[in-house]
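Note that ligands are numbered from 1 as they come in the structure, with each ligand's atoms numbered from 1 the same way. Quick note: residue numbers are just sequence positions, from 1.
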Amino acid sequence: MVEVKKRVVNLKMFIDGEWKDAENQDTRPVINPANGEVISYAPEGTAADARAAIYAARRAFEEGVWSGISAQERASYLLKIADKIEDYADELTQLETMDNGKPLREAGFDVGDAAACFRYYAGLITKPDGQTYHVADPMQAMVVREPVGVCGLIVPWNYPLLMSVWKIAPALAAGNTIVFKPSEVTPVTPKKLFEIFEEVGLPKGVANMVMGAGAVVGNEIASHPEVDMISFTGGTKTGKHIMKTAADTMKKVSLELGGKSPNIIFADADFETAVDYALFGIYAGSGQVCSAGSRILVEESIYDQFVARFVERAKQIQVGPGNASGTEMGPLVSQEHLEKVLSYIEIGKQEGAQIACGGKRIVGNGLEKGYFVEPTVFVNVNEEMRIVQEEIFGPVVVIQKFKGEEEAIKLANGTIYGLAGGVFTNNGAKGLRVIKKLRAGITWVNSYHPTYNEAPWGGYKQSGIGRSLGTFGLEEFQEIKQININLQVEPIGWFSN
Ligand code: NDP
């Protein structure tokens, strides 16, 4: 295994094929959330830096150095990128753990998925697309797909590498040029990804990366008239702000936002399977997952038994640094986010909910230097509580009780969100019936969380607009052009003179 040092060389941005500091030389520290240590410094990019990246992407797009080459040529670059991600898998895995905090096991899955995502879009872009139409003679009508142009891609900190790839792979496959902004909290693996782009020789200006505050760099990307599309993943509040900002220049907007997803457990479910997936649904990624099953709804007759078993197992989860052997759940991503999650736990207590386990920051054995929170379970909750309605984005779950299908569906759909949901039952017809009533874009029956490059990812309601992954994820980054060809070239004769 490659040995990654505790400190990463200071980061730079990648603009028009060159590695750059911020124009004013400002930097900000990048912190390891497992111990609070500075692992690197990242450029604190400015609006001027963002504009330099936008102009480079625009020039590259207009010159056709990327959109003008064949799909097969673009695919060959994407395949090389996938190979390189695999070559650097050890390093990427360790860097992701160091920067985001997630256990090595989770980071390793993300790296494998990232390579597979590039391969998927390399394959897809060379497959047939478009349509032809049987319209009245002498016309022939057809549709072709074209790149949107310059795409602004803004990603959060919970899957620093994978969220980047979910946007970059289809955007590049479609022939767009990109201006990408990682989260300021987790820029380390995105930077490594751009080193790979340089290694495989992507033409200058095709892929640009700007670091800096969302309110400065992100805002410039969302508002600039030379950016044709904005694709954003992050919080719903930021998503609304970006949509409003992008409206002035009528950009195409694609948003993957927050969730408060229900996991419905019927009494006839396989009990241990349901408990197991429910634990995975909330505590994977320390609950910092947009699709987390953060509301578990359990049928009344098994409620007490379920809570007892869930709590028994939640207490046994091994929490620790992501790179320590045996760690099953890592820290939260930052001090700021730790404070947010702890404040929600206080809100829950004040609202009258009861803590069945957890509820505290973890101290002792050196963990007080990092941002660790116990796996937490709230019971005695009701629909009005903020901890039931709002996205906490941490290892905090509420377990609600329901009587029968109708109430389960009502509770499940009872938030502003509609990202994901799961149903556990051994009655196949009931499972499908309930899933069909869920107002959510990603659902599972007798499972929770598996995600596939082949299948679309995104939400209903305030969980977003548009889809990532699969064929839908490619279409987000394409324009559709209608072409009508006159097969009999002679005057139409509409006017008599
Ligand atoms: P944000 O939504 O604020 O940030 C996500 C990305 O957007 C970051 O790159 C951020 O930059 C950027 N950004 C922030 N403000 C703007 C802006 N005005 N214009 C353009 N880009 C902007 O997420 P946070 O990190 O602040 O987390 C807040 C909450 O959002 C979490 O607690 C969680 O509830 C939710 N969230 C949901 C995610 C999901 O996958 N659904 C992922 C992450 C967060 P910068 O890093 O500089 O702030």
Side-chain angles (χ1 to χ4, degrees), residues 22 26 28 30-31 33 42-47 49-50 99-100 152-160 162-164 166-167 179-188 190 209-224 227 230-248 251 253-261 284-292 294 332-344 371 373 386-387 389-396 415-420 441-442 451 457-459 461-465 468:
D26 269 7
R28 76 160 77 179
V30 182
I31 308 289
E44 186 68 42
T46 63
D49 291 318
D99 193 10
N100 165 278
L153 314 177
I154 301 177
V155 300
W157 40 255
N158 55 344
Y159 289 85
L162 196 57
M163 286 304 104
S164 310
W166 281 16
K167 295 190 188 305
V179 177
F180 166 82
K181 189 193 103 55
S183 164
E184 273 312 272
V185 184
T186 53
V188 175
M209 174 177 57
V210 196
M211 297 171 186
V216 179
V217 167
N219 195 61
E220 187 67 20
I221 298 171
S223 59
H224 201 284
V227 176
I230 189 101
S231 175
F232 167 81
T233 299
T236 292
K237 195 165 156 226
T238 315
K240 287 180 187 178
H241 183 76
I242 285 179
M243 196 171 172
K244 284 181 193 157
T245 308
D248 279 341
K251 288 180 183 32
V253 175
S254 177
L255 303 169
E256 275 185 66
L257 309 175
K260 190 77 183 176
S261 300
S286 305
Q288 304 167 115
V289 180
C290 53
S291 55
S294 51
L332 295 176
V333 78
S334 65
Q335 172 79 35
E336 188 188 349
H337 193 55
L338 169 79
E339 283 163 16
K340 179 184 159 183
V341 170
L342 291 175
S343 80
Y344 264 111
Y371 315 128
V373 171
R386 285 182 62 192
I387 57 163
Q389 290 295 325
E390 297 176 17
E391 185 177 46
I392 299 174
F393 225 60
V396 181
T415 74
I416 61 166
Y417 297 109
L419 190 58
I442 309 147
T451 309
W457 182 271
K461 294 158 62 180
Q462 294 193 29
S463 288
I465 297 174
S468 290

In sequence, state the C-alpha distance, the side-chain angles, and the governing distance for Tyr417 and Lys461, and then conclude on side chain to side chain contact (heavy atoms under 4.5 Å, CB included). CA-CA 6 Å; Tyr417 297 109; Lys461 294 158 62 180; over 6 Å; no

Side chain to side chain contact (heavy atoms under 4.5 Å, CB included) assessment of Trp166 paired with Glu256: CA-CA 11 Å; Trp166 281 16; Glu256 275 185 66; 4.2 Å; yes

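For ligand 1 and Ala213, the ligand atoms under 4.0 Å from any heavy atom of the residue are 47 (O). Near Gly234, meaning under 4.0 Å from one of its heavy atoms, ligand 1 places the atoms 2 (O), 36 (N), 37 (C), 38 (C), 39 (C), 41 (N), 42 (C). The ligand atoms of ligand 1 that sit less than 4.0 angstrom from a heavy atom of Gly258 are 41 (N).
Considering Ile154, Thr238, Leu419, Ile242 only, the shortest heavy-atom separation from atom 16 (C) of ligand 1 involves Thr238. Comparing Glu184, Glu220, Lys244 by heavy-atom distance to atom 46 (O) of ligand 1, the nearest is Glu184. Selection from Tyr344, Phe393, Phe180 by nearest heavy atom to atom 44 (C) of ligand 1 gives Phe393. For atom 31 (C) of ligand 1, the candidate residues are Lys340, Glu390, Glu391; the nearest heavy-atom contact is made by Lys340.
Shortest contact from atom 24 (P) of ligand 1 to any protein heavy atom: Trp157 NE1, 3.6 Å.
By the 4.0 Å heavy-atom criterion, His337 is counted among the residues contacting ligand 1. Remark: distances from the non-hydrogen atoms of Phe232 to ligand 1 include one below 4.0 Å. Not a single heavy atom of Ser463 sits less than 4.0 Å from an atom of ligand 1. For the ligand labelled ligand 1, residue Gly212 lies inside the 4.0 Å heavy-atom shell.
Look at Arg28 and Glu44 and you find a salt bridge, because one of the NZ, NE, NH1 or NH2 atoms lies within 4.0 Å of a carboxylate O, short of that distance.
The N/O atoms of Gly214, backbone and side chain alike, include one that comes under 3.5 Å of an N/O atom in ligand 1.
For atom 4 (O) of ligand 1, no protein heavy-atom neighbour is found at a distance under 4.0 Å.
Applying the side-chain contact (heavy atoms from CB on, under 4.5 Å) criterion to Pro182, with sequence neighbours excluded, gives Phe180, Pro187, Pro190, Met209, Met211. Checked against salt bridge (Lys or Arg N to Asp or Glu O under 4.0 Å), Glu220 has the following partners two or more places apart in sequence or in another chain: Arg51.
Atoms CH2 and OG, from Trp457 and Ser468 in turn, are 9.5 Å apart once rounded to the nearest 0.5 Å.
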